[in-house]
Amino acid sequence: MIRIAAVSVARRLALAEARLLHTTANLACAKVERRAPVESNSFVMNIFKGDANLTQVFPYPDNLSEEQVETLGMLTDTCQSFLKEKNDPMRNDREGKISDEVMDHLREMGAFGLQVPEQYGGIHTNNQQYGRLCETLGYTDLSLSVTLGAHQSIGFKALLLYGNDEQKAKYLPDLASGKTIAAYCLTEPGSGSDAMSISSRAVLSPDKKHYILNGEKIWISNGQTAEIFSVFAKTPIEKDGQTQDRITCFLVERSMGVQNGPPEKKMGIKGSNTTTLRFENVKIPVENVIGKPGEGFKIAVQVLNNGRFGLGSAMCGTMRYCIEKSTEHATQRKQFGNTLASYENIQEKLARMQMLHYITESVAYALSGNMDRGYVDYHLEAAVSKVLGSEAAWWVCDEAIQIHGGMGFMQEVHLERVLRDLRIFRIFEGANDILRLFIALQGLQFAGGHLKELQRAMANPTANLGLIFAEGSKRVKRAVGISSPPTLDAYVPARLQMPAALLARSIEQFGASCESLLIKYGKNIIGEQFLLIRLANSVIDIHSMMCVLARCTRTLQKNLPTAEQEAVLVDLICSEASERVARNLGQLRSAEKLANYKRMQKTAQAMCQTGGVCTQNPLGV
Amino acid sequence: MSLRILVGCKRVIDYAVKVRVKPDHSGVVTQGVKHSLNPFDEIAVEEAVRLKEKKHASEIIAVSCGPAACQETLRTALAMGADKAIHVEVSEAEYATLQPVHVSKILAKLAERTQANLILVGKQAIDDDLNQTAQMTAGVLDWPQGTFVSQVEPEGDSLKIVREVDGGLEHIKVKLPAVVSADLRLNEPRYATLPNIMKAKKKPMEKLSAKDLGVDIAARIKVVNVAEPPVREAGAKVENVDELLGKLKDLGRI
């Protein structure tokens, strides 16, 4: 019985596999090796196979030594009091720049080279420490956060990760001290989310000593203030006797001929500087190529992946700010004879803020902690953290304004600025829509690779009996309804068994959904965005549940003062998230929902044909 | 005369924390509560660092008496610019009854040991507000003292000091070695820079006990009861003076 099931599944899989996934040419990340299925200990990656791989999840990263924690405490204290006392976010917003005094002082404080090794004048924080400092910035001023982040989270990250010793020695000391500011330059007028399609181009000079760069970049943070630019441009690369355009990463100095446009007028993060850049026959010495010529796309993506963790942490800080303002208002303000805090409607809002904060924080520090533990397959977790953080913070700020009522709409309460500042976080550093597709497709591709392995094993069943038996029995059990979801009992304390069981159930449902999607749609799943988005939303919920469970387990084991409160949050979070997962996954196969997608498609097409609203005013006028 | 400065660095509950009394009224809750360098001591450290920057001082030694966590406080002082630190370890139990009378004896011993010729401390700690350590230390050592100073300037083998007193400023001159306590307006402490925080970890920190110094820190006091201040009762608004007088009469106050 088992064997039969396995064979028939594998046959169907063979079909699915043959059509499988040439996904994300434009969506990034290392190309998946086609021959052997890629192994990964990424939790998010593995849930696409229905597995709960807990290698990177338990124990919740707790890598900082006592001494590192103490140092971090001192670093955050000094940054926090400086920012609180000397930085005026409203003034930065009004004047469209971070005030010179604050910039000078931040240079003096060493805030420009947080992750740069000490030998180059930085303070060499690890990722968790850097994340915590980003949180402090996010709490105070997102304009400043973006200014510093554009400089060191991504601006010179290519140099830090891929530069050679000479390049580092030449540029890092000035960058770390803030004497020079850096900018990351990828986006172009014709190339936004589709980064592969950039048209900036650099060609070797006849003497082969320089590249001549031409092109235009837009929306470059620090475009006007930067001296050093990490620029991505296409270069002709010879491979197997053929010349093809491939992206190369260059370190360009302003003095080489970089020109910038006027500062853009933006909705938020107005204190940060954003401009266009023009490169007209800019001569770049060949020594300024970062990595190898043609490796630029990998570098561009890796820099964004690597920079993303700071963003999630910054969002935690912003939420903390909004939440503090909300509880203060709710406990002070009285209406109908009672404080706002005494009303259930407000209590629900506050509790949801706290839940989102707890999730975002748990996910963000799990990510930076895993990066510190040396894991390299964190790109899906990074994408989840970015999407989650930017949306949670937006919602939290919006509700904070709601709690404040009319006051919240007034500038003096500062929340309107925070809301404006937050809007961009769902767009830049990988638009959330694109990242959702990226999460879903990367995961499906990974799962598809493993299905392929199973199919290959079927070609020689006797030699691969173990694998076939394991995979086969998993599916059979699922088919006859006696499946046992991956159990987390051994990992979480008794207090958390209930929410852990909900998560296990979600993981199992998710794996089954992925498999049936692959079988049903094959490579055409790439175009099924209605489904992919729902799949990605489930991933975000599942990863959220996993991170809060792992974190709370640690809190309970350490018996920290907030342990019981955290456990209550985990109960709440898993109850709601698992319900959403079931709903989202149900929508993947519900005939009614599938029909709805068609209806929406039709509606959108009609709108685009009409050029706007496709219905008439009820009055006909 | 080059100064060797000993600076007192008390670890206190951070000024921004809302202090809570323990349920058994034996003290205040300190566990899991943010602590920092006593703000007046921070001013003392800053002044020492400025004296060194102006080449008046050759060495700054930060001292803290208390449990192991005091080392964190000392590292703040090191990050601000102190050269080395001495941690006089006092157990949690003993620390509960540690008083200026003990600390002043410890500071006196350390002054001898380190050959300091200036002891700089904050005028008081923001937790117990005792305001005695500088005075008692001067007494133990039989050194001159300048308390609540808002300006210090070395001149030969003396210090020119300005003190804020009721009704004006007092200018005095004290001969070194001396004990000085810092008032609020002496200076505005700097923010420790991040690289200096990293460097502070490599600066020397000596660990001693009161016993090593031959100081008896047996309790001289017994804490009987610690209670929260009574909650202020709600007031009422009055429209005019007559109403006010009427209310006061009703209350039997006039």
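Just so it is clear, the model here is predicted, and its values are computed rather than measured. Just so we're on the same page: letters track the sequence lines, and every chain starts at 1.
For NZ of B:Lys123, the number of neighbouring non-hydrogen atoms (other residues, nucleotides, ligands) closer than 6.0 Å is greater than 12. Taking a 6.0 Å sphere around CD of B:Glu188, one finds it holds 12 or fewer heavy atoms contributed by other residues, nucleotides or ligands. Under a cut-off of 6.0 angstrom, the local environment of NZ in B:Lys207 is sparse, with at most 12 non-hydrogen atoms contributed by other residues, nucleotides or ligands. Within a 6.0 Å sphere centred on CD of B:Gln31, other residues, nucleotides and ligands contribute 12 heavy atoms or fewer. Taking a 6.0 Å sphere around CD of B:Gln151, one finds it holds 12 or fewer heavy atoms contributed by other residues, nucleotides or ligands. The environment of CD in B:Glu228 is crowded: more than 12 heavy-atom neighbours from other residues, nucleotides or ligands sit within 6.0 Å.
Between the CZ atom of B:Arg190 and the CD atom of A:Glu108 there is a distance of 9.0 Å, given to the nearest 0.5 Å. A:Cys79 contributes atom SG, which lies 7.0 Å from atom CD1 of B:Ile197 (distance to the nearest 0.5 angstrom).
With a threshold of 4.5 angstrom between heavy atoms, B:Ala16 does not approach chain A through any atom at all. Heavy atoms of A:Leu560 lying under 4.5 Å from chain B are absent altogether.
A salt bridge links A:Glu118 to B:Lys202: one of the charged nitrogens lies within less than 4.0 Å of a carboxylate oxygen.
With A:Thr78 contributing its side chain and B:Ala192 its backbone, the two residues share a donor-acceptor pair below 3.5 Å.
In terms of heavy-atom proximity, A:Met74 sits nearest to B:Glu72 at SD-O, 4.4 Å. Taking both residues in full, the closest heavy atoms of A:Gly110 and B:Pro195 are given as CA-CD, 3.9 Å, listed atom of the first, atom of the second, then distance.
The most heavy-atom pairs under 4.5 Å with chain A, out of B:Gln71, B:Lys201, B:Lys34, come from B:Lys201. When B:Thr76, B:Thr193, B:Asp14 are compared by the number of non-hydrogen pairs under 4.5 Å with chain A, B:Thr193 comes out ahead. In terms of heavy-atom pairs under 4.5 angstrom with chain A, the leader among B:Lys199, B:Arg75, B:Met198 is B:Arg75.
Tested against B:Leu194 for a side-chain contact (heavy atoms from CB on, under 4.5 Å), the candidates A:Thr71, A:Ile123, A:Leu106 yield a single pass: A:Ile123.
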